[in-house]
Structures are given as structure tokens and as C-alpha cells.
Amino acid sequence: MRRTDLAVEIVEKRELEGVLTEEIRVGDIRISKVTVEKSGEKLLKKPSGRYYSLHCDCTSDKNAVSESIRECLSELFEKLPDDAPIVVAGLGNINITPDSLGVITAEKIPATAHLVEQHSRLSEIMRPVFVFSLGVMAKTGVESAEHLEVIVKRLRPTAVIVIDSLACRDAGSLASTIQLTDTGISLGSGVGNNRKEISARQLGVPVVAIGLP
């Protein structure tokens with residue numbers, strides 16, 4: 001069976017014990033929500049937590065997609081203060097197109113932590129954000145998870161967002177399904193190359209993983 005990182009593809013509208021599914025909408029964007037309870041971990045082979053899948057494509061309204069992502073992040077992070085510092089980490093290999101999403105995305109996210117530190121008034125309108133492109137172990141010699149452990153220990157953010165390319169089973173999901181989850185990410189799991197996970201359990205702060213196949 002072809003591997004996939006998308007929880008919604010694993011469920012495939014089946015009724016599974018310990019796995020709850022629902023469909024919600026934010027504007028014109030359809031969102032599939034999969035909640036995996038502890039009892040459903042082995043059956044789904046996914047850690048317990050919440051998985052949101054936004055179904056969109058190149059014709060979808062960009063503002064609607066952005067609003068949907070904001071809504072999902074708000075639910076996943078729940079009571080995160082507006083001025084709480086966060087770390088955003090782009091994962092992957094810039095030289096391999098299917099694996100370059102995280103690095104390319106990180107390059108487009110403005111780092112603001114230094115600005116807030118230098119100008120305290122900015123904290124009223126701007127969240128302190130640290131941004132990193134972590135690369136891959138083949139180039140750095142260090143696991144991305146280990147990079148983040150050092151970063152979190154030094155900077156003490158209240159949360160971490162990791163962005164990475166995903167694997168999918170259905171070709172229709174390519175570049176059209178955005179998954180957000182509070183379970184973190186197990187690097188390489190979609191292609192059978194399991195590595196050290198990046199999760200709240202490992203880092204000690206909430207972790208949300210955003211991915212796109």
C-alpha cells in the first residue's frame with residue numbers, strides 16, 4: 001500500500017474506533033477534521049491529536065485559504081497569548097523540488113523577534129517570531145529535531161511551527177491539501193524513513209506541523 005502522511009487519506013470515510021471525523025467550512029474552504037484518541041493510535045498508526053486538512057487548489061481564494069489556516073492554528077494553539085514568541089522552522093532540502101516546501105516557505109516568513117526586542121512598542125502590534133531553515137541531516141550532519149531542541153532551549157519560545165513536504169496516496173491531494181496538526185511530525189515517515197520526531201513531548205512546548213504534499 002502506498003504511504004501517506006495525510007490522516008484524512010488513512011481514514012477514508014471509514015468508521016474507526018477511537019477516531020472521530022467531521023467536516024467544517026471556513027468560507028468556501030472545506031476542512032476535514034480528524035481527531036485521534038489514544039485508543040485509535042495503533043489502528044490509524046498516527047499519534048493521538050487533531051489533524052485538519054484544508055481542501056483547496058490554485059483556483060481557491062487566497063484570502064479564504066489564509067483565514068482557514070488562521071482558524072485552524074487558533075484552535076490548535078488555543079490560548080497562546082498574542083505577544084508570545086514562537087519559532088517557525090522550515091524543513092527539507094532546497095535542492096530537491098518535492099522536499100523544498102519547508103525551506104521555501106521559511107524564506108517568505110518575516111522574522112520579527114529582533115525588531116520587538118529593539119523597539120518595545122512593536123510588541124503591541126507584532127508577535128516575536130524566530131525563523132529557521134534547518135536543512136537535512138545529509139547536509140548538516142545533525143537531525144532537524146536536534147537543531148530544534150537546542151533552539152528551543154536557548155530561545156524559550158512558547159510554541160513551535162514546523163513546515164514540511166508531505167507524502168500522499170491520492171494524486172488528487174498533490175498541491176491541494178494542507179494538513180495542520182498538533183501532534184508534530186515524524187520526519188521521513190511518509191516514505192518509510194522514520195527519524196527522530198519533532199513534537200511537544202520532545203521539545204517541551206506546543207508544536208504544530210503544517211504540510212502539503
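With hydrogens and angles ignored, the 3.5 Å screen pairs a side-chain donor or acceptor of R14 with a backbone N or O of V11. With hydrogens and angles ignored, the 3.5 Å screen pairs no side-chain donor or acceptor of S173 with any backbone N or O of R169. Between the N93 side chain and the V136 main chain, no donor and acceptor come within less than 3.5 Å of each other. A distance-only check finds a donor-acceptor pair linking the side chain of T112 to the backbone of R127 [under 3.5 Å]. The backbone N or O of G18 lies less than 3.5 Å from no partner atom in the side chain of K38, so there is not a single donor-acceptor pair. A donor-acceptor contact shorter than 3.5 Å is absent between the side chain of S74 and the backbone of R70. For the pair S100 (side chain) and T97 (backbone), a donor-acceptor distance under 3.5 Å is present. A side-chain donor-acceptor contact under 3.5 Å links E41 to the backbone of S48. With hydrogens and angles disregarded, a donor-acceptor distance shorter than 3.5 Å links the side chain of T158 to the backbone of P85. Side chain of E9 to main chain of T4: no donor-acceptor pair is present (N/O by atom type, distance under 3.5 Å, no hydrogens or angles).
By the 6.0 Å contact criterion, CD on E117 is open, its count of non-hydrogen atoms from other residues, nucleotides or ligands being 12 or less. Under a cut-off of 6.0 angstrom, the local environment of CG in D57 is crowded, with over 12 non-hydrogen atoms contributed by other residues, nucleotides or ligands. For E23, the CD atom is densely surrounded, since the number of other residues' heavy atoms within 6.0 Å is greater than 12. Q118 CD: more than 12 foreign heavy atoms inside a 6.0 Å radius. Sparse packing is recorded around CZ of R154, with 12 or fewer heavy atoms of other residues, nucleotides or ligands lying under 6.0 Å away.
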Q) Please walk me through it: do L91 and I198 pass side-chain contact (heavy atoms from CB on, under 4.5 Å)? A) CA-CA 11 Å; L91 310 179; I198 297 172; 4.0 Å; yes
Quiz item: Taking it one step at a time, do T140 and H147 satisfy side-chain contact (heavy atoms from CB on, under 4.5 Å)?
Solution: CA-CA 10 Å; T140 66; H147 272 297; 3.8 Å; yes
Determine, stepwise, if the pair D28 / D61 fulfils side-chain contact (heavy atoms from CB on, under 4.5 Å). CA-CA 8 Å; D28 294 330; D61 181 76; 5.9 Å; no
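Within the 4.5 Å cutoff, the side chain of P157 has heavy atoms near those of the V152 side chain. In this structure the side chain of V160 reaches within 4.5 angstrom of the side chain of L203, judged on heavy atoms. Residues K196 and E149 form a side-chain contact, since some pair of their non-hydrogen atoms from C-beta on lies under 4.5 Å apart. Residues I210 and T105 are not in side-chain contact: their nearest non-hydrogen atoms beyond the backbone lie 4.5 Å or more apart. At least one side-chain heavy atom of I109 sits less than 4.5 Å from a side-chain heavy atom of I163. For the pair I151/L134, a side-chain contact is recorded, criterion being any heavy-atom separation below 4.5 Å from C-beta on. By the 4.5 Å heavy-atom criterion applied to side chains, P213 and D5 are not counted as neighbours.
Put simply, CD on Q202 and CG on L148 are 11.0 Å apart, with the number rounded to the nearest 0.5 Å. Between atom OG of residue S32 and atom CG of residue L54 there is a gap of 9.0 Å, rounded to the nearest 0.5 Å. Separating the CD atom in Q179 from the CD1 atom in I185 is a distance of 9.0 Å, to the nearest 0.5 Å. Expressed to the nearest 0.5 Å, how far CD1 of I10 lies from NZ of K45 amounts to 9.0 Å. The CG atom of D182 sits 8.0 Å away from atom OH of Y51, with the distance rounded to the nearest 0.5 Å. Between I69 atom CD1 and L76 atom CG the span is 11.5 Å, to the nearest 0.5 Å.
Heavy-atom minimum distance, S53 versus T177: CB-CG2, 4.0 Å. Here the shortest heavy-atom pairing between V116 and P128 reads CG1-CG, 4.1 Å. The two residues D164 and L101 have their closest heavy-atom pair at O-CD2, 3.5 Å. Summarising the geometry of P110 relative to K108, their closest heavy-atom pair is CD-O, 3.6 Å, with the distance given to 0.1 Å. What you find for F130 and A113 is that their closest heavy atoms are CE2-CB, 3.4 Å. Closest approach of A200 to P206, counting heavy atoms only: CB-CA, 4.3 Å.
Each of I161 and L155 belongs to its own hydrophobic cluster when Ile, Leu, Val, Met, Phe, Trp and Tyr are linked at side-chain heavy-atom distances under 4.5 angstrom. Hydrophobic clustering (side-chain heavy atoms under 4.5 Å, transitive across Ile, Leu, Val, Met, Phe, Trp, Tyr) keeps V207 apart from I86. When the side chains of ILVMFWY residues are joined at heavy-atom separations under 4.5 Å, either directly or via intervening members, L73 and I24 end up in a single hydrophobic cluster. Hydrophobic clustering places V131 together with F77 (ILVMFWY residues linked when any side-chain heavy atoms are closer than 4.5 Å, directly or through intermediates). At a threshold of 4.5 Å between side-chain heavy atoms, the hydrophobic network of Ile, Leu, Val, Met, Phe, Trp and Tyr places I104 and F132 in two separate groups.
E75 and R50 are not joined by a salt bridge, as no carboxylate oxygen comes within less than 4.0 angstrom of a charged side-chain nitrogen.
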